Structures are given as C-alpha cells and as structure tokens.
Amino acid sequence: MIIEMHPDSSQAQVKEVEHKARSLKLDVQMNLGTSKTIVALLGDNTGQIDTDLFAVLPGVQSVTRVMKPYKLASREFKQDDTTINIDGLTIGDNRIIVMAGPCAVENKEQLMEAARAIKRAGASVLRGGAFKPRTSPFSFQGLGKDGLELLVQAKDEVGLPIITEVLDTQHVNLVSEYADILQIGARNMQNFNLLTKVGKTLRPALLKRGLSASVTEWMAAADYLLAQNNTQVSLCERGIRTFETSSRFSLDICSIPVVKQNSHLPLIVDPSHAAGHYSLVSSIAKAAVAAGADGLIIEVHPNPKEAMSDGLQALTPSDFARLMEELKPIAASLGRTI
Ligand code: PEP
Ligand code: MN
C-alpha cells in the first residue's frame, strides 16, 4: 500500500500513519521527497487491510494498493528518477555512464593497460571481476582479494571508481571495503541472503537480471536491497535465455523502456554478456542507448586473444574508443551526453 501525504502534512501526521501501520504489523518505508512524503506499507500480502484505515488519517492525500509484486522499486513508491552519487559521478541523470574493463582481473599489467585505455576513451567506471562466477569449476575463478587490491591500485592511478562482483555473503564485507559499486551477478539475482547483506552495507549496488528472470522478478529482487534502506541501487539488463542460439543470450531491448516506465532506478545495459561475440557488442550498445539506457557496462581487454575469461566478447581498446565516439551523436540526439 502506498500512502501519499498531503504536501502540507506535518511530521506528527506522518508519524501517526507509521504508528497505525506498525500496529497492524506492517513494515514501513519512507520516501521523503522534496515536495511530498510517500509512505510504503509492506507486508499486507493478502490485501485484506482496508485502505480506509489510512485514508481517514489527517494529512493523508491518497492511498493506493500496489498490485505489482515489487513495491519499493516501483514508480508508485517514487516518481522521480533515482540518482546515485559516487565521488561526484552521478548515475541516473542526463549523462550516460560507461563502465568498462576486463571480465576478470588477471594481473597488474593487464588491468593497468585496460584501465588507462578505457579512461582515455572516456569511460567513467572501471569494471573487473576478482571473484568470478564461472560455469565450470575448472575455469579460472578470479584472483580474489589480490584482484581487489589490484583494482584499487588501478583506481588510484587512473582516478576512476571501480565496480566488481560480490559472489557470496561471506565476501560482502571484504568486497565493500574495496569496491565503489557492488555488482550482483545474473546467477545471484535471487540469492536473497546476498541481496539483504549487500543492502545492509548501504553501498551502491548494481543488480544484474537473472538468466531466466522476468522483469517483475528482477524488480522484486531489487526490493530486497531497497528494503534495507539502501537507496543506491541500479539495475542491469544483460540478456536472457531464449531459444535463440546465434548470440550468447538475447538482450531484451523491450525491458529498457519497460523498466524506465515502471521503476525509478537507473538502468545500465551490458551488451557484452548478451552478445557473447565482440562483433555484436557495438551495435547492441548503440541500440541500448537509443532505447533509453542510463549507462553501459562493457568488457574491454588489452589483448582479448589471451583473456582468461570471456575473451570472445571483449572489445579491444581501439574498438572501444571507436564505440565511445559513435555513441556521442546517439546520446546527443536524445538530449543526453556521454
Ligand atoms: C560479468 O559481469 O563478468 C558477469 C559474470 O556477468 P553476468 O553475471 O551478467 O553473467
Ligand atoms: Mn564476463
């Protein structure tokens, strides 16, 4: 249930709503907007609590039952776009944010080369996996803590914030000591304990869409982060499993306007994992920006032929630099910058 308070309502009136909700064993989340306060009441799963119980309270302007399975990620809860601030960099405003770097941190030289190249080309966040979710246990699993240390060295040298995946609840504290943005991978989208633990850190998080998750399931998963009062959540479309085998996954281009219409959270698109092949990445990236994505996350490797993971889908630094140039007029045509 979403309660919109009257713009002139007092703090005492908001408290009264909260008190009533708690007496009915409901959880309460506030969106204290600049012009009005929205109160989300969570936990009325059977829809049996009468909305009039709240509509009659002083200061309440409207009461709406949200029928969607996701609440906090919805535009009903928060109409204005969420923006995320990382040391002066804003995700979710007019500027399209490009995150780039290797699939996995392999060694210092590889990471530094990638970091310098993506910075030169105009990317604003460095990506790199230290803990890797590999399909086979015999594949390279990442450098772990050593990889995190290298990411921080690269961050210090090129001056870009870093995003890296947290695979496991056990590593949340460790990864959040190093990363500016905690990435939750597609395979963990419904690892609810992990989501809750990452939510509790109150650190910026990027939630990738599960391989076979509907948009609704993905938004409901975002609610797990938001329910911990973590407002710094972005979503990432990275392609879903379909019957099509000519690309690694099928990028759901429809999900871009669907998410933007129904959620206030910033949306980043990962064309690399959807494509699975470097020759497809640039076209998909351009389509994603044209469709309204707030940012991109792209795999770039200084020498894709030698990559220890996802080399086939990695762009070379020069292909990445070309893509960055090609994205500019597309962004400009939408009144955005990149
Ligand atoms: C990655 O970003 O390297 C990754 C493993 O992505 P996903 O979780 O989308 O497969
Ligand atoms: Mn990868």
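All values below were derived from every heavy atom in this structure, side-chain atoms included, with hydrogens, water molecules and symmetry-related copies excluded. Just so you know, these numbers come straight off a predicted model, no measurement behind them. Order of listing sets the numbers, starting from 1, for every ligand and every atom in it.
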When you measure from the side chain of Lys36 to the backbone N and O of Glu4, does any donor-acceptor pair fall under 3.5 Å? no
Among Arg127, Arg134, Glu165, Lys132, which one has a heavy atom closest to atom 2 (O) of ligand 1? Arg127
Closest approach to the Mn ion (ligand 2) by Asp310, given as the N, O or S atom name: OD2
Where ligand 1 meets Arg238 - atom numbers and elements under 4.0 angstrom, heavy-atom basis: 7 (P), 9 (O), 10 (O)
Side-chain contact, heavy-atom cut-off 4.5 Å: Leu251 with Glu237? yes
Specify the protein heavy atom at minimum distance from atom 8 (O) of ligand 1: its residue, its atom name, and the distance to 0.1 Å. Ala186 N, 2.8 Å
Can you see whether Tyr178 engages Glu149 through a side-chain donor-acceptor pair at a distance of less than 3.5 angstrom? yes
Under 4.0 Å from one or more heavy atoms of Cys103, ligand 1 contributes atoms 3 (O)
The atoms of ligand 1 lying under 4.0 Å from a heavy atom of Gly185, numbered in the order shown, are 8 (O)
Less than 4.5 Å apart, any side-chain heavy atom of Arg322 and any of Ser282? no
Judged by non-hydrogen atoms, does Pro133 sit under 4.0 Å from ligand 1? yes
Among side-chain atoms of Asp310 and His301, is any donor-acceptor pair under 3.5 angstrom? no
Look at atom 6 (O) of ligand 1 and say which protein heavy atom is nearest, naming residue and atom and giving the distance to 0.1 Å. Lys208 NZ, 2.9 Å
Taking the Mn ion (ligand 2) as the apex, NE2 on His273 and OE2 on Glu299 give an angle, to 10°, of 90°
Donor + acceptor pair across side chains of Ser250, Glu244 (<3.5 Å): no
Are the side chains of Lys208 and Asn188 in touch, meaning some heavy atoms are under 4.5 Å apart? no
For atom 4 (C) of ligand 1, which protein heavy atom lies nearest, and how many Å away is it? His273 NE2, 3.4 Å
